[in-house]
Asks: 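What follows is a single structure, and I will ask about it in a moment.
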Amino acid sequence: QKEVEQNSGPLSVPEGAIASLNCTYSDRGSQSFFWYRQYSGKSPELIMSIYSNGDKEDGRFTAQLNKASQYVSLLIRDSQPSDSATYLCAVNIRDGSDYKLSFGAGTTVTVRA
Amino acid sequence: ETGVTQTPRHLVMGMTNKKSLKCEQHLGHNAMYWYKQSAKKPLELMFVYSLEERVENNSVPSRFSPECPNSSHLFLHLHTLQPEDSALYLCASSQDRRGMNGELFFGEGSRLTVL
């Protein structure tokens, strides 16, 4: 089983719609969850972090966490063409006595004008 | 000045060449990382340095050799690479290596092509 799994997409949404991205993880003991955005030809940048069950909102972005289901999602409201990018889910996974940051393969989002 | 800079941005090398990738961070961070990014695959952690000491080597082939002379600089020395090593190599830094924070600052990457 992969440590962090995402649908690769591409996810195509019209401008102004909600884009919904999903991520599941294998380690039930994980405590920290992150979403990175990577534009084509650029490096990943952190856009959201979430640590507790429930929703966390930041502008047009909402992260949702359900630890019981080992599921974390990212909603992008009022999607804009500038949101077209690959979104990487990252989870802190136990690695022996330490933790490591494990990434999913990413979901590519295209927002149609 | 960007936080994490990588050079060169693009590199083409033959299988018998020796080259190096360079990374420099201007953020005062204590931990630096090398990641490999291949198409449609998750980021693969290659090396972690904390306060200039290598703390993790994820079973990376010996044809990749890291060097961290100080907390601001990180190198990846490459020799006798294989075509499957062609990928984007990303350098990142973080305040510390504990990882729970999860906030990594990435450089723009070095796109490597091995012929």
Side-chain angles (χ1 to χ4, degrees), chain A residues 1-11 23-27 29-52 56 58 63 65 72 74 85-108, chain B residues 2-7 9-10 21 23-25 27 29 31-50 53-60 74 87-113:
Chain A
Q1 182 184 10
K2 294 179 182 178
E3 294 177 333
V4 180
E5 292 203 62
Q6 297 180 251
N7 292 329
S8 62
L11 175 65
C23 173
T24 58
Y25 58 94
S26 61
D27 184 0
S30 293
Q31 298 293 320
S32 306
F33 309 87
F34 312 91
W35 285 98
Y36 282 77
R37 177 178 61 199
Q38 186 174 21
Y39 291 115
S40 180
K42 299 293 185 181
S43 57
E45 59 176 333
L46 181 68
I47 58 171
M48 288 287 286
S49 58
I50 186 166
Y51 306 94
S52 304
K56 179 181 178 182
D58 183 359
L65 175 62
V72 58
L74 181 70
T86 297
Y87 291 81
L88 308 177
C89 175
V91 178
N92 267 307
I93 303 286
R94 273 174 300 189
D95 183 24
S97 60
D98 204 345
Y99 282 82
K100 65 177 182 180
L101 193 63
S102 184
F103 286 83
T107 299
T108 300
Chain B
T2 55
V4 181
T5 57
Q6 289 186 242
T7 55
R9 294 292 309 280
H10 300 272
L21 307 180
C23 176
E24 183 174 1
Q25 60 100 357
L27 301 169
H29 288 166
M32 296 186 76
Y33 310 78
W34 279 116
Y35 280 89
K36 176 183 178 182
Q37 188 174 37
S38 303
K40 306 297 183 184
K41 291 185 177 181
L43 284 170
E44 299 176 44
L45 178 63
M46 300 177 71
F47 299 103
V48 180
Y49 276 84
S50 176
E53 179 183 348
R54 188 164 74 188
V55 295
E56 189 162 345
N57 172 359
N58 284 352
S59 302
V60 177
L74 185 64
L88 181 67
Y89 289 83
L90 290 164
C91 175
S93 71
S94 65
Q95 185 60 51
D96 59 51
R97 70 163 294 264
R98 292 193 178 278
M100 294 300 287
N101 184 315
E103 185 160 18
L104 298 177
F105 292 81
F106 287 90
E108 293 292 334
S110 294
R111 173 69 63 185
L112 172 66
T113 302

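Just so you know, these numbers come straight off a predicted model, no measurement behind them. The figures here come from the full heavy-atom set of this structure, side chains too, leaving out hydrogens, waters and symmetry mates. Within every chain, numbering begins at 1; the chains are lettered A, B, ... in the order of the sequence lines, protein sequences first and strands thereafter.
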Asks: Using every non-hydrogen atom in the two residues, find where Gly41(A) and Arg9(B) come nearest and quote the distance to one decimal.
Replies: O-NH2, 4.0 Å
Asks: Please report the shortest heavy-atom distance between Ser43(A) and Gly107(B), naming the atom on each side.
Replies: CB-O, 2.7 Å
Asks: Tell me which of these, Gln38(A), Lys2(A), Gln6(A), has more heavy-atom pairs under 4.5 Å with chain B than the rest.
Replies: Gln38(A)
Asks: In chain order, what residues pass the side-chain hydrogen bond (donor to acceptor under 3.5 Å, both in side chains) check against Glu5(A), with sequence neighbours excluded?
Replies: none
Asks: Sequence neighbours excluded, which residues qualify as side-chain contact (heavy atoms from CB on, under 4.5 Å) partners of Ser93(B)?
Replies: Val4(B), Gln25(B), Leu27(B), His29(B), Met32(B), Phe105(B)
Asks: Using 0.5 Å steps for rounding, measure from the NZ atom of Lys40(B) to the OG1 atom of Thr108(A).
Replies: 5.0 Å
Asks: Quick check on the interface: out of Ser8(A), Cys89(A), Gly104(A), Pro44(A), who has the most heavy-atom pairs with chain B under 4.5 Å?
Replies: Pro44(A)
Asks: For a 4.5 angstrom cut-off between non-hydrogen side-chain atoms, does Leu104(B) reach Phe103(A)?
Replies: yes
Asks: To the nearest 0.5 angstrom, please state how far the CG atom of Leu101(A) sits from the OH atom of Tyr35(B).
Replies: 5.0 Å
Asks: Is Leu90(B) close to chain A through its backbone or its side chain, or both, or neither, when contacts mean heavy atoms under 4.5 Å?
Replies: side chain
Asks: Pick one of side chain, backbone, both or neither for Gln6(B), based on which atoms fall under 4.5 Å of a heavy atom in chain A.
Replies: neither
Asks: Relative to chain A, which segment of Arg111(B) carries a heavy atom at a distance below 4.5 Å: side chain, backbone, both, or neither?
Replies: neither
Asks: Working to the nearest 0.5 Å, report the span between CD of Gln37(B) and OG1 of Thr86(A).
Replies: 8.0 Å
